[in-house]
Amino acid sequence: MAVTIKTVQEVEKMRTAGRYLGEVLEELVASVKPGMTTKDLDILGEKLIRKHGCIPSFLHYNGYPASICISVNEEVVHGIPSRKRILQEGDLVSFDAGLIWQGYHSDACRSTLVGDGPEELKLLIRRTEDSFFDGIAKAVAGNHLYDISNAIADSIEPYGYGIVEDLVGHGIGRHLHEEPEVPNFRQRSRGIRLRKNMTLAVEPMIAMGTHKVITLDDDWTVVTADGKPAAHYENTILITDGEPEILSLPGGRRE
Ligand code: MF3
Ligand code: CO
């Protein structure tokens, strides 16, 4: 399937999907407290998604058994919510969620600390977020796809963090995963040309130590190979002739 350019009507649906998803994630971040289980948060997230009349897109996707991916500390992505996983003060938790509104997807992720925690984790989270914004500063029609990737790499490399390479961002729209792939690490070419009304999920996954990851025996949970923590930040964005529009924020479009 080729890269799709969305119509004005499609963009409007993706704006609505994104706004709802931004609200869901904001509420999850505000709700997380020590003593909660990751299952509690999955139940809350699914309830919030359905409250908006949306469908949780991760549920049953390739057999995934929950609505939200909740990854803690050394878990990078695709952590499966569990009644046995009790969150503790200082844990770094990532909420990755997707939903469908009138046939159109939005996908986004937030990382946060449970309660208060070490400065080095706060920095890892902030720098991961910053790398997303540095990356999308290049996401303008006429620029090229890997300008985003190289800007994320430029943003992260000075800190010596590991940039996960095994998982990447992606096009999004009628499907959760569309072409093109959006790597977060350095590329030797500039890639395809970005065009107005392309929609992308840009999602740097940044580890405190090695960039190498492994998948646990549950066939889902991706953890860092050295057991050090990782952060993840993602939004669904719209390419325009000027600054990209971040679709997956509460309150919708930011001017
Ligand atoms: N959020 C992931 C992504 O960005 C998808 C989660 S896979 C699922 O591609 F199976 F958990 F849904
Ligand atoms: Co994604």
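Because the structure is predicted, anything quoted here is derived from the model rather than measured. Ligands are counted one by one from 1 in listed order, and the atoms in each one are counted from 1 as well.
- Ligand-side atoms of ligand 1 in range of Trp220: 10 (F), range being under 4.0 angstrom from any heavy atom.
- At a 4.0 Å cut-off, not a single heavy atom of Asn62 sits close enough to ligand 1 to count as contact.
- Donor-acceptor pairing under 3.5 Å is lacking for the side chains of His78 and Asp96.
- Given atom 4 (O) of ligand 1, the protein heavy atom at minimum distance is Glu203 OE2, 2.7 Å.
- Judged by distance alone, the side chains of Thr240 and Glu245 never bring a donor and an acceptor atom under 3.5 Å apart.
- Among the heteroatoms counted here (N, O or S) of Glu203, OE2 is the one nearest to the Co ion (ligand 2).
- Ser248 and Asn235 share a donor-acceptor pair across their side chains, judged by distance under 3.5 Å alone.
- For Asp107, the nearest N, O or S atom to the Co ion (ligand 2) falls under 2.8 Å.
- Ring pair Trp220/Tyr64 is perpendicular by interplanar angle, where above 60° counts as perpendicular and below 30° as parallel.
- The contact set between ligand 1 and Glu234, taken as ligand atoms under 4.0 Å from a residue heavy atom, comprises 4 (O).
- Counting protein heavy atoms only, atom 11 (F) of ligand 1 is closest to Cys69 SG, 3.1 Å.
- An N or O contact shorter than 3.5 Å is missing between Tyr61 and ligand 1 by distance.
- Side-chain contact of Ser94 with Ser111: a donor-acceptor pair under 3.5 Å is present, judged by distance alone.
- In terms of N/O distances under 3.5 Å, ligand 1 is not approached by His78.
- Side-chain atoms of Lys33 and Ser31 form no donor-acceptor pair, as typed in the model, at a separation below 3.5 Å.
- Within ligand 1, counting atoms from 1 as listed, the ones closer than 4.0 Å to a heavy atom of His177 are 3 (C), 5 (C), 9 (O).
- In Glu234, the N, O or S atom that comes nearest to the Co ion (ligand 2) is OE2.
- Considering backbone and side-chain N/O of Tyr64, none are found under 3.5 Å from N/O of ligand 1.
- Residues Asp40 and Thr37 bring a donor and an acceptor atom of their side chains to less than 3.5 Å of each other.
- Protein heavy atom closest to atom 1 (N) of ligand 1, with residue, atom name and distance, is Asp96 OD2, 2.7 Å.
- Within ligand 1, counting atoms from 1 as listed, the ones closer than 4.0 Å to a heavy atom of Asp107 are 1 (N), 3 (C), 4 (O), 9 (O).
- A cation-pi arrangement, defined by a distance under 6.0 Å to the six-membered ring centre and an angle within 45 degrees of its axis, is absent between Arg190 and Tyr146.
- Looking at His170, its N, O or S atom nearest to the Co ion (ligand 2) turns out to be NE2.
- Put simply, His177 stays out of reach of the Co ion (ligand 2), with no N, O or S atom under 2.8 Å from it.
- Glu10 and Tyr104 form a side-chain donor-acceptor contact under 3.5 Å, judged by distance and modelled atom types alone.
- Glu203 and His232 share a donor-acceptor pair across their side chains, judged by distance under 3.5 Å alone.
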